[in-house]
S.K.: 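I'd like to ask you about the structure that follows.
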Amino acid sequence: MEVSEVNEIENLEFKWGKKRGNGGRKKDVQFYESFAYDGVAYTLYDNVYLHKQGESFPYLGKLVKIWENPDKSKKVKVLWFFQPFEISHYLVAELTHANEVLLASGEGVGLTNTNPLEAIGGKCNVLCISKDSRNPQPSDEDLQLADFVFFRTFDVGKCVILDKMDDKIAGIDGTCSLII
């Protein structure tokens, strides 16, 4: 699901936000906690729509890393949500909610990948409705405002749907507190 070949749209507002630190072999990659793009403020762990040229539907993901390379290219690492049509041949039971998505988990292709920041098409409201004790239960108003809901994961390595939320997903400790 690599989102690439995005046409850069000129004249869109962009501004880096809070810096996190430097990385890369030469320590010349600048990491960030936030940025503003096209009039919208984004922070780590926001849920976003991403567009791929030639595709009519957006992909859904969670921003888990944001950086600028020495060549000034802007990148985001995205943890994916799967929409039912993307994994339909693995679904053995009906989805319980019309707007249900599944959070990518496990290890392998399809868990995360790097995309140009310009692939972001806006924020989306993905709400965790897991009954897990670590998850604060959403209000009725929160549920009405949600674009999508999730309470299960899709293990990309084993190609199975899991009802239990792991403590670590995509190498991020404490994922439940960040995602749920």
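This structure is a prediction, so every number in the text was calculated from the model and none was measured. Atoms considered below: every heavy atom in the structure, side chains included; atoms not considered: hydrogens, waters and symmetry mates.
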S.K.: Please name the pair of heavy atoms, one in Gly110 and one in Phe82, separated by the smallest distance, quoted to 0.1 Å.
M.R.: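 Heavy atoms only, the tightest pair is O-CZ, 3.5 Å.
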S.K.: I'd like to check the side chain to side chain donor-acceptor pair (under 3.5 Å) partners of Asp147; sequence neighbours left out, ordered by chain and number.
M.R.: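 Not a single residue meets the side chain to side chain donor-acceptor pair (under 3.5 Å) criterion with Asp147.
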S.K.: Can you give me the closest heavy-atom contact between Leu60 and Cys124, atom names plus distance?
M.R.: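 Here Leu60 and Cys124 meet closest at CD2-SG, 4.0 Å.
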S.K.: With Ser139, which residues qualify under side chain to side chain contact (heavy atoms under 4.5 Å, CB included), at least two apart?
M.R.: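 Expected list: Glu141, Asp142.
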S.K.: Taking Gln83 for the side chain and Pro58 for the main chain, is one N or O donor matched with an acceptor at less than 3.5 Å?
M.R.: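 Here the side-chain-to-backbone pair exists.
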S.K.: Excluding sequence neighbours, so at least two apart, what forms ring-ring contact (aromatic ring centres under 6.0 Å, His included) with Phe57?
M.R.: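 In terms of ring-ring contact (aromatic ring centres under 6.0 Å, His included), with neighbours along the sequence ignored, Phe57 is linked to Tyr59, Phe85.
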S.K.: Restricting to side chain to side chain contact (heavy atoms under 4.5 Å, CB included), what partner residues turn up for Lys75, sequence neighbours left out?
M.R.: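 Trp67, Asn69, Ser73, Thr114.
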S.K.: Can you see which heavy atom on Gln137 is nearest to which on Asp132, and at what distance?
M.R.: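 Nearest heavy atoms, Gln137 then Asp132: NE2-O, 4.2 Å.
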S.K.: By side chain to side chain contact (heavy atoms under 4.5 Å, CB included), which residues pair with Gln144, not counting sequence neighbours?
M.R.: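 Gln144 satisfies side chain to side chain contact (heavy atoms under 4.5 Å, CB included) with no other residue.
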S.K.: Linking directly or through intermediates, with side-chain heavy atoms under 4.5 Å: list the remaining ILVMFWY members grouped with Ile129, chain and number order.
M.R.: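 Its cluster mates, by chain and number, are Leu127, Leu143, Val149, Phe151.
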S.K.: Please tabulate, for the side chains in residues 153-165, all donor-acceptor contacts under 3.5 angstrom to protein atoms that are two or more places apart in sequence or on a different chain.
M.R.:
unit_1: Thr153; atom_1: OG1; unit_2: Ser105; atom_2: OG; d: 3.2
unit_1: Asp155; atom_1: OD1; unit_2: Gly157; atom_2: N; d: 2.9
unit_1: Asp155; atom_1: OD1; unit_2: Lys158; atom_2: N; d: 2.8

S.K.: Kindly compute the distance separating CD (Glu100) from CZ (Phe150), expressed to the nearest 0.5 Å.
M.R.: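 Separation between the atoms: 10.5 Å.
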S.K.: Please check: side-chain N/O of Gln30 versus main-chain N/O of Asp28, any donor-acceptor pairing under 3.5 Å?
M.R.: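 No; zero donor-acceptor contacts below 3.5 Å.
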S.K.: Of all residues at least two apart in sequence or in a different chain, which pass the ring-ring contact (aromatic ring centres under 6.0 Å, His included) check with Phe148?
M.R.: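 ring-ring contact (aromatic ring centres under 6.0 Å, His included) list for Phe148, sorted by chain: empty.
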S.K.: Roughly how far, to the nearest 0.5 Å, is the CD1 atom of Ile169 from the CG atom of Leu103?
M.R.: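 Taking CG in Leu103 and CD1 in Ile169, the distance rounds to 4.5 Å.
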S.K.: So, using salt bridge (Lys or Arg N to Asp or Glu O under 4.0 Å) as the criterion, who are the partners of Glu68 when residues are at least two apart?
M.R.: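 Listed in chain order: nothing, the list is empty.
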S.K.: Going hydrophobic residue to hydrophobic residue with side-chain gaps under 4.5 angstrom, can you get from Val29 over to Ile66?
M.R.: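 Val29 does not cluster with Ile66.
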S.K.: Which distance, rounded to the nearest 0.5 Å, do you find between the CG of Asn135 and the SG of Cys128?
M.R.: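 One gets 4.0 Å once the value is rounded to the nearest 0.5 Å.
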S.K.: According to a 4.5 Å side-chain heavy-atom criterion applied to Ile, Leu, Val, Met, Phe, Trp and Tyr, with indirect links allowed, do Leu44 and Tyr49 form part of one hydrophobic cluster?
M.R.: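 Cluster IDs for Leu44 and Tyr49 match.
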S.K.: Rounded at 0.5 Å granularity, tell me how far NZ in Lys27 sits from CG in Asn22.
M.R.: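 Going from the NZ atom of Lys27 to the CG atom of Asn22 covers 8.0 Å.
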S.K.: Between atom OH of Tyr45 and atom CD of Glu33, what is the distance when rounded to the nearest 0.5 Å?
M.R.: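 Separation between the atoms: 9.0 Å.
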S.K.: Looking at Asn47 and Lys62, what are the two nearest heavy atoms and their distance?
M.R.: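 Scanning both residues completely, I find the closest heavy atoms to be OD1-NZ, 2.9 Å.
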S.K.: Taking all non-hydrogen atoms of both residues into account, name the closest pair between Tyr37 and Ile120 and its distance.
M.R.: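 Heavy atoms only, the tightest pair is CE2-O, 3.7 Å.
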S.K.: Looking only at heavy atoms, what is the nearest atom pair of Val101 and Val126, with distance?
M.R.: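 Smallest interatomic distance, heavy atoms only, reads CG2-CG1, 4.1 Å.
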S.K.: Which distance, rounded to the nearest 0.5 Å, do you find between the NZ of Lys77 and the CG of Leu63?
M.R.: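 Spacing of NZ (Lys77) from CG (Leu63) equals 12.5 Å.
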S.K.: Does Thr43 have any side chain to side chain donor-acceptor pair (under 3.5 Å) partners at least two apart in sequence or in another chain, and if so, which?
M.R.: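 Testing Thr43 for side chain to side chain donor-acceptor pair (under 3.5 Å), a comparison that skips the adjacent residues, returns Asp46.
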S.K.: Any cation-pi pair here, Lys74 with Phe14, using under 6.0 Å and within 45°?
M.R.: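 Ring-cation test returns yes.
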S.K.: List for me each residue that meets salt bridge (Lys or Arg N to Asp or Glu O under 4.0 Å) alongside Lys19, sequence neighbours excluded, and say none if there are none.
M.R.: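 Once residues adjacent in sequence are excluded, Lys19 has no partner under the salt bridge (Lys or Arg N to Asp or Glu O under 4.0 Å) criterion.
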S.K.: Could you walk me through whether Leu111 and Leu79 pass the side-chain contact (heavy atoms from CB on, under 4.5 Å) check?
M.R.: CA-CA 6 Å; Leu111 179 64; Leu79 171 62; 3.7 Å; yes
